[in-house]
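Here the structure is laid out as structure tokens; the discussion comes afterwards.
Every value quoted in this text rests on a predicted model; they were computed, and no experiment measured them.
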Amino acid sequence: MVFLRRPAVAQADANTTVAATPKPAILLFNPWATRTCRVPNSLLHIAAALGGTCEVELVDGNLEPDPWAVIEPMLASGRFGFFGCTVMPGPQLRQAVPVARQVRERFPGIVTIWGGYFPSNHPQAVLQSGWVDYVVQSAGEGALPALLRALCEGRSTDAIPGLIFQREGGLVRTGRAPMPDLDLQPPLPLNLLARRHPIARYLPRTFLGRRTHAMHTSMGCPFMCAFCAVVPLYQGRWVARSAESVANDVLQMRDAHGVDAIEFTDNNFFVSEKRVRAFAERMRGQGMTWWGEGRIDTMDRYSDETLALMREAGCRMIFFGAESGDDEVLAMVDKGGRQSGEQILRFAARLLSFGIIPEYSFVLGFPRPTEAQVWSQIQRDIGFIRRLKDQSPATEIILYIYSPVPTEGSALQQSSQAAGFRFPTTLEEWVSPSWASFDLHRNPLTPWLTPEMVRHIHDFETVLNARYPTCTDFSLGNWGRRMMQLASLPRYWSGVYRRPLELKVLQRLRRYTRPEVEGFYAEAH
């Protein structure tokens with residue numbers, strides 16, 4: 001079957017015009033996501049999977065003041081038949097949409113392919129825009145190389161698992177792609193980054209170390225939390241690289257680039273105690289510090305010996321989705337049935353006893369049958385957070401407001417829809433100012449949350465952050481930290497959070513970094 005260059009309904013019919021076979025070269029684009037960039041692991045893993053079968057170039061929007069000024073002449077050279085883009089919700093979407101529109105208008109013969117959480121969860125809006133031809137869902141290491149080969153050879157894409165595309169106005173889904181064996185994947189081609197910027201630009205100074213490298217060592221998550229955007233992509237599947245190969249890569253980055261700290265950006269780095277223990281044994285005495293994400297109920301079953309070994313091997317902080325201190329809410333969001341409010345409290349104290357800081361995120365504003373019940377739940381969770389801080393003040397707290405995700409069939413999604421929530425249906429609406437903060441969990445536009453509720457959550461967050469400034473923002477210094485703590489005391493003790501303007505001004509003057517929005521404070525080299 002001959003491939004149609006545009007529109008990419010993927011298969012030909014009697015009324016379409018057949019275009020020439022596309023060139024195999026692909027330009028990969030990483031849209032802007034943060035002020036201080038990290039290694040774009042998702043695109044580097046894709047580039048590695050493409051191997052020597054396809055010419056690859058990479059443009060990083062985090063380091064280019066005007067990405068289009070770089071992309072446009074590259075595409076105009078005629079070398080590229082494909083334009084690939086990874087798209088997370090939020091800031092990346094706001095840059096990816098106008099660039100995709102410009103690519104389609106300026107180079108209509110180039111095939112545009114999107115991957116990542118946003119297009120995988122919202123393919124209808126993406127493909128109906130007319131600017132994107134294919135969505136690669138979940139594991140792209142196998143799907144994207146197969147897609148490029150099929151299109152270059154003029155073959156059908158129907159049998160390639162992991163794709164979504166349009167045909168005759170409807171979506172075609174080719175099924176889930178198999179999970180790759182990550183130990184068999186080629187090394188990441190860091191040279192693609194070095195063509196435009198020194199690797200040191202991707203290794204910022206953070207509270208973890210002088211040069212911090214972001215690594216991704218596993219794919220998916222074995223749990224099915226109803227509020228998590230990972231679930232629709234992987235459906236409870238999880239694969240990981242061996243501890244030996246991860247340790248070898250860490251030490252290679254240390255020796256080659258002076259890396260002394262690692263952010264493991266896996267959805268769940270700590271699934272297997274055996275794997276974590278083996279990695280920690282290799283890291284002991286190697287001068288590395290590290291951070292990762294895990295589950296409280298999983299790690300609460302770790303032995304004391306493993307936790308002690310992790311700290312000795314450089315584990316400094318672990319991010320956990322605590323979500324709520326209310327057992328009823330934890331059951332509603334399907335945390336797996338083992339996590340409880342008392343366990344959240346107990347585990348924080350246990351982890352701190354080993355010198356590892358628990359970083360707990362809480363999600364406020366889940367749908368409830370009545371407005372009074374929503375208010376009551378918000379107040380109970382705030383009370384629980386205060387109780388946690390009284391017991392274990394070194395525990396880091398990150399607050400989010402619940403933003404629905406399209407987890408089909410979940411009770412949480414049904415509750416959201418019953419309350420009147422609907423996702424945007426077009427990319428234009430997704431990048432409109434009213435939806436700009438939705439996927440940052442700042443203002444989710446959910447009908448059961450009143451503006452007063454959202455303000456109350458943000459006001460409490462401001463007071464909490466001033467009373468307990470994050471240890472990850474080392475730029476504050478002891479004096480700046482103490483200043484905010486003293487200024488927040490009257491409000492925190494009294495529980496009067498409304499309109500804390502003086503604290504907001506102080507945080508702005510101190511340039512306080514908010515981990516819930518910006519991640520760790522980082523200084524670029």
If you take all heavy atoms of [X] and [Y], which pair is closest and at what distance?
X	Y	result
Leu503	Ala466	CD1-CB, 4.1 Å
Ile26	Leu50	CG2-CD1, 3.8 Å
Met219	Met179	O-CE, 3.6 Å
Leu193	Val39	CD1-CG1, 4.2 Å
Trp448	Pro404	CH2-CG, 4.2 Å

Practice item. Determine yes or no for a side-chain-to-main-chain donor-acceptor pair under 3.5 angstrom, with Arg311 supplying the side chain and Leu351 the backbone. Key: no
Review point. For Gly341, does its backbone N or O pair with a side-chain atom of Asp327 as donor and acceptor, under 3.5 Å?
Key: yes
When you compare the side chains of [X] and [Y], does any donor N or O come within less than 3.5 Å of an acceptor on the partner?
X	Y	answer
Gln343	Asp300	yes
Arg38	Thr206	no
Ser324	Asp381	yes

Please report the interatomic distance [atom1]([X]) to [atom2]([Y]), rounded to the nearest 0.5 Å.
X	Y	atom1	atom2	answer
Met317	Thr395	CE	OG1	10.0 Å
Leu208	His213	CG	NE2	13.0 Å
Phe366	Asp326	CZ	CG	10.5 Å
Arg277	Met310	CZ	CE	11.0 Å

Review point. What residues, two or more places apart in sequence or in another chain, satisfy ring-ring contact (aromatic ring centres under 6.0 Å, His included) together with Tyr117?
Key: none
Check your understanding: What residues, two or more places apart in sequence or in another chain, satisfy ring-ring contact (aromatic ring centres under 6.0 Å, His included) together with Phe520?
Key -> Phe207, Trp291
Review point. Hey, would you say the Phe264 and Phe279 ring centroids sit under 6.0 Å apart?
Key: yes
Practice item. For Phe362 and Leu399, run side chain to side chain contact (heavy atoms under 4.5 Å, CB included): C-alpha distance rounded to whole Å, both residues' side-chain angles, the deciding distance at 0.1 Å, then the answer. Key: CA-CA 5 Å; Phe362 287 85; Leu399 292 184; 3.9 Å; yes
Practice item. Quick one: do Ile318 and Phe270 satisfy side chain to side chain contact (heavy atoms under 4.5 Å, CB included)? Show the steps, please. Key: CA-CA 9 Å; Ile318 302 173; Phe270 297 92; 3.6 Å; yes
Review point. With sequence neighbours left out, what residues match Arg510 under side chain to side chain donor-acceptor pair (under 3.5 Å)?
Key: none
Check your understanding: Is a salt bridge present between Asp304 and Arg350, judged by a nitrogen-to-oxygen distance below 4.0 Å?
Key -> yes
Check your understanding: Using 4.0 Å as the upper bound for N to carboxylate O, is an ion pair formed by Glu323 and Arg295?
Key -> no
Point to revise | Name of the residue among Phe354, Tyr360, Phe320 meeting ring-ring contact (aromatic ring centres under 6.0 Å, His included) with Phe347 | key: Phe320
**Study point:** Pair Lys389-Arg467, side chain to side chain contact (heavy atoms under 4.5 Å, CB included): steps then yes or no
**Key:** CA-CA 10 Å; Lys389 274 296 192 180; Arg467 182 70 188 95; over 6 Å; no
Practice item. With side chain to side chain contact (heavy atoms under 4.5 Å, CB included) as the test, would you mind laying out the steps for Leu251 and Met283 before giving the verdict? Key: CA-CA 9 Å; Leu251 297 178; Met283 287 296 101; 3.8 Å; yes
